[in-house]
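Take a look at the structure below.
Order of listing sets the numbers, starting from 1, for every ligand and every atom in it.
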Amino acid sequence: MTKRNKIIQNIFALYYPDARCTLNFANPFQCLVATCLSAQTNDKAVNLLTPSLFSKYKDAYELSKADYEDVKNCIKRLGLYKNKANNLIKLSQEIVSRFDGKVPSSLKDLISLPGVGIKTASVVLAESFNIPSFPIDTHCSRVLIRLGIAKEGDSIETIMDKAKKSFSKDRWISLHHQIIQHGRTICLARKAKCEECPFKELCTFKANVL
Ligand code: SF4
């Protein structure tokens, strides 16, 4: 790891020691469902409706037999709710038929499920199985580009690879939460608060653009 990346990693740990996943769930299946629902939506909106969804459909077996209209109604306040309802039922059916009702714990198996991309799969690996992963959402992507770890135009996979190569493996999970918190509070998409940012002395974006 370069000296610069070590400093970045340490600053994140210092400023965001309590950063955690902000979705609510109690097991791998709920984690997978909540993460799928959070696409293009904020976590608070997901947390408002998952308690009733989870009490109605307790596991993959129950959700695999759910009525599409009912699931759609349960989640209709979220963006892309029709696709999400469809995918939740289909992925539950596959979990039942291919994995004995248990959420798989490998990236390859997770991304083989309907509607599950590399970001959702990485969240499930990190949060449910404690497997070192570096989920890249919109905040992670923006902050990593601005800090010069990745560059504009990089795919999500490339940004994830660069992040993994740049930081200690045992820090990937906590670091991705810390980066998200930084992106939500300081390094905002439209108006980054650079003057109050702990990275202002070493930020590529601030040095080149502002
Ligand atoms: S200095 Fe500005 S652009 Fe750079 S990480 Fe901080 S808030 Fe983001």
Side-chain angles (χ1 to χ4, degrees), residues 1-25 31 34-48 78-80 107 111 116-128 130-210:
M1 193 191 321
T2 65
K3 193 176 167 196
R4 180 178 185 274
N5 290 345
K6 191 158 183 61
I7 292 170
I8 289 174
Q9 181 176 287
N10 289 343
I11 291 175
F12 273 117
L14 189 67
Y15 277 78
Y16 304 103
D18 301 321
R20 297 279 181 276
C21 180
T22 50
L23 286 170
N24 296 334
F25 51 83
C31 176
T35 309
C36 286
L37 291 175
S38 71
Q40 315 275 325
T41 304
N42 69 64
D43 292 355
K44 275 186 192 163
V46 174
N47 290 338
L48 282 176
L78 304 179
L80 308 174
L107 185 67
I111 60 175
V116 178
I118 195 158
K119 184 245 169 182
T120 296
S122 299
V123 170
V124 173
L125 291 178
E127 299 304 316
S128 291
N130 202 30
I131 294 172
S133 312
F134 215 123
I136 302 294
D137 74 345
T138 179
H139 299 294
C140 270
S141 163
R142 181 177 67 256
V143 172
L144 289 169
I145 289 170
R146 287 178 176 177
L147 285 174
I149 303 295
K151 62 179 172 42
E152 287 290 352
D154 281 349
S155 66
I156 294 299
E157 287 81 2
T158 301
I159 296 174
M160 188 172 75
D161 282 347
K162 287 181 174 178
K164 285 180 172 178
K165 283 180 186 141
S166 300
F167 302 111
S168 311
K169 192 171 184 178
D170 63 348
R171 292 291 323 285
W172 291 352
I173 297 176
S174 55
L175 196 52
H176 109 270
H177 290 309
Q178 290 156 359
I179 295 173
I180 289 172
Q181 192 170 335
H182 184 64
R184 282 178 176 155
T185 56
I186 304 286
C187 193
L188 306 176
R190 292 204 181 147
K191 209 165 192 297
K193 300 176 183 174
C194 298
E195 283 317 309
E196 53 188 276
C197 177
F199 301 103
K200 64 183 176 187
E201 304 303 332
L202 46 78
C203 178
T204 316
F205 179 81
K206 184 172 185 294
N208 293 338
V209 180
L210 300 182

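- When each atom of ligand 1 is checked for a heavy atom of His182 under 4.0 Å away, the hits are 5 (S), 6 (Fe).
- Results of the side-chain contact (heavy atoms from CB on, under 4.5 Å) test with Lys44 over Leu48, Val46, Asn42 single out Asn42 as the only residue that passes.
- Interface atoms of ligand 1 facing Cys197, defined by a heavy-atom separation under 4.0 Å, are 1 (S), 5 (S), 6 (Fe), 7 (S).
- Between the side chain of Asp154 and the main chain of Lys151, a donor-acceptor pair closer than 3.5 Å is present.
- Close approach of ligand 1 to Arg146 is summarised as follows: ligand atoms under 4.0 Å from at least one heavy atom of the residue are 3 (S).
- Side-chain N or O atoms of Arg146 include none that pairs as donor or acceptor with a backbone N or O of Ala192 at under 3.5 Å.
- Ring geometry for His182 versus Phe199: interplanar angle over 60°, hence perpendicular rather than tilted (30 to 60°).
- Near Cys187, with a cut-off below 4.0 Å to any heavy atom, the atoms of ligand 1 are 3 (S), 5 (S), 7 (S), 8 (Fe).
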- Message: Please determine whether salt bridge (charged side-chain N to carboxylate O under 4.0 Å, His left out) holds for the pair Asp161 and Lys164, giving the CA-CA distance in whole Å, both sets of side-chain angles, and the decisive distance to 0.1 Å.
- Response: CA-CA 5 Å; Asp161 282 347; Lys164 285 180 172 178; 5.5 Å; no

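- The option with the heavy atom closest to atom 1 (S) of ligand 1, from among Gly148, Gly183, Ala192, Cys203, is Cys203.
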